Amino acid sequence: MMLLPTGSSNKASQPATMLLLLPMLLLVSVIKGAGAGGIGVNYGTRGTTLPPPADVARFLARDTIVDRVRLFDTDPLLLQAFADSGLAVDVTAPNGLVPRLVSLAFARRWVAENVAPYARSTNISRILVGNEVTTEANRTLLLALVPAMQNVHTALVAVSLHGRIKVSTTHSLGVLTTTERPSAGRFRDGYDAAIVKPLLRFLRATGAPFMVNAYPFYGLTHDTLDFALFRVNAGVMDDGSGLVYSNMLDAQLDAVHSAIRRLGFGDIDIVVSETGWPSAGEDWEVGVGADLARDYNKNAIRHLGSGVGTPLMPNRTFEVSIFSLFDENLKPGPVSERNFGLFRGDMTPVYDVGIFTAPETVEPVNTKVTPVPNSGEAMVERQWCVPTPAADEMVLQENIDFACSQEGVDCAAIRPGGICYEPDTVQGHAAYAMNLYFNTNGKHTYDCDFGQTGVVTSVDPSYGDCKFM
Ligand SMILES: *[C@@H]1O[C@H](CO)[C@@H](O)[C@H](O)[C@H]1NC(C)=O
Ligand SMILES: *[C@@H]1O[C@H](CO)[C@@H](O)[C@H](O)[C@H]1NC(C)=O
Ligand SMILES: *[C@@H]1O[C@H](CO)[C@@H](O)[C@H](O)[C@H]1NC(C)=O
């Protein structure tokens, strides 16, 4: 599997192939508590029909669980709109300003004019110095980055705002070398010592997070669609760490973590400053569609807020900001670039991503089959029972022992030599045994409970010759 892009393009290509190693269930979000890490939206304004900022702020504050918004500049109208809204606001010093911020005098003036006056009533919580500068392939920008960040911080100190407002910058995954294994993640050659180390030193000293724009959508193939969408899939083993990945976002975040830890800064927090999925695209773009965008964003929010963490960063939540709040019809590039929005210009949702404050109807993710491009088959609602992602191995082993001891449940396929024996993992065997038990007993939801370690899905966990009933 290739997890990470090469080259300097923002959202370059990512996965090519992947090993189908483990039948695993991934991210069926039965876990409550999404948003513990904070849910943000990226509020870009490159659209002709966007609503007035005051309406947007009121809507987000009153009708959604979004608690953070990121702006791509310091537009006074937007900053004023979020005054007393309760939302935290991240503002951006656009790339063009980065070389100028290398002058401390300029940085002081910029902060005094563009940030300080609004910080009294708007909860500005971060200044992002540039966007994806580390993959812009512009030496002037690159060399200016850390000095500019330092100066902005110094300017904040002068007006006593440094306690409230952190300074960071956002990176695309292109800041890492291409790697097949999350545990092998490292920064691009030549960047480690020269750029990234001073950057990490600055982030640690000021208590600011490392912010990454991560898009499993880019570089998608039909083979990696389930892995990217948090659906049931075969999983991918990182043979460096022995850990199994059930979704691409985890793999990307762990690659970032590995790279940071390699330089000795593993304690720095990681924030997902952008992730998202387009609801429409060109014919040749794999995996675009409103249903898929909804599933990805919903699953990403729930997963990152669930407290499960990633294989290398277990038991934690992540702050995540969805890209983007609105479809933006003035953006260049392929059709998908203009269709990342959760909302249309009239503030109607493109799909229901589950961020409204109104009580959500209880509907587990992944209970509907989403058409996979090229599948061409009529969709029938079939159901399987599989382990929850967080289920303990010891409990799963008990599930196997229990299910396989029941009358009518034939577990020959997961015994040595059986067609579903390989890969020999507790999760894989448990999925097979639990599903068989569920089917044999008439597919009642309660027959898939297994002490809350099982969950019903409509995504077929079969792989290779191993067919699930
Ligand atoms: C401002 O945002 C921060 C998150 O950065 C949050 O912890 C804090 O409670 C917010 N303050 C107010 C007054 O809303
Ligand atoms: C590098 O970025 C600066 C600031 O945005 C810009 O003025 C300059 O033209 C860029 N250089 C190149 C070679 O693109
Ligand atoms: C994560 O949480 C689980 C359950 O609370 C616990 O058993 C496990 O030891 C924790 N792992 C780490 C690395 O903290």
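In listed order, ligands and their atoms are each counted from 1. This one's a predicted model, so the numbers in the text were calculated from it and none came from an experiment.
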Given Phe230, Tyr351, Tyr296, the one that forms ring-ring contact (aromatic ring centres under 6.0 Å, His included) with Trp277: Tyr296
From Phe82, Phe343, Phe326, residue fulfilling ring-ring contact (aromatic ring centres under 6.0 Å, His included) relative to Phe59: Phe343
Six-ring centre of Tyr118, Arg120 cation under 6.0 angstrom, axis tolerance 45°: no
Six-ring centre of Phe106, Arg109 cation under 6.0 angstrom, axis tolerance 45°: no
Nearest protein heavy atom under 4.0 Å from atom 2 (O) of ligand 1, yes or no: yes
Any protein heavy atom < 4.0 Å from atom 7 (O) of ligand 1: no
Numbering as shown, the atoms of ligand 1 that approach Ser125 to under 4.0 Å (heavy-atom distance): 5 (O)
Close-contact set for ligand 1 against Ala88 heavy atoms, below 4.0 Å: 2 (O), 4 (C), 5 (O)
Donor-acceptor pair between Thr357 and Asp63 side chains, under 3.5 angstrom: no
Residue that, paired with Asp90, satisfies side chain to side chain donor-acceptor pair (under 3.5 Å) out of Arg68, Arg70, Lys166: Arg68
Proximity winner for atom 14 (O) of ligand 1, if only heavy atoms of Asp67, Val89, Asn123, Asp84 are counted: Asn123
Option whose closest heavy atom lies nearest to atom 4 (C) of ligand 2, chosen from Pro94, Gly130, Ala144, Pro99: Pro99
Atom indices of ligand 2, in the order listed, that fall short of 4.0 Å to a heavy atom of Leu141: 2 (O)
Asn138: numbered ligand 2 atoms lying under 4.0 Å from its heavy atoms: 1 (C), 2 (O), 3 (C), 8 (C), 10 (C), 11 (N), 12 (C), 14 (O)
Closest approach of Ser336 to Val288 (non-hydrogen atoms, all atoms of both residues): CB-CG1, 4.4 Å
Nitrogen or oxygen of Thr140 less than 3.5 angstrom from that of ligand 2: no
Top protein contact for atom 5 (O) of ligand 1, by heavy-atom distance: Arg68 NH2, 3.2 Å
Ring-ring centroid check Tyr43 Phe72, cutoff 6.0 Å: no
Close approach, Arg126 and ligand 1, non-hydrogen under 4.0 angstrom: no
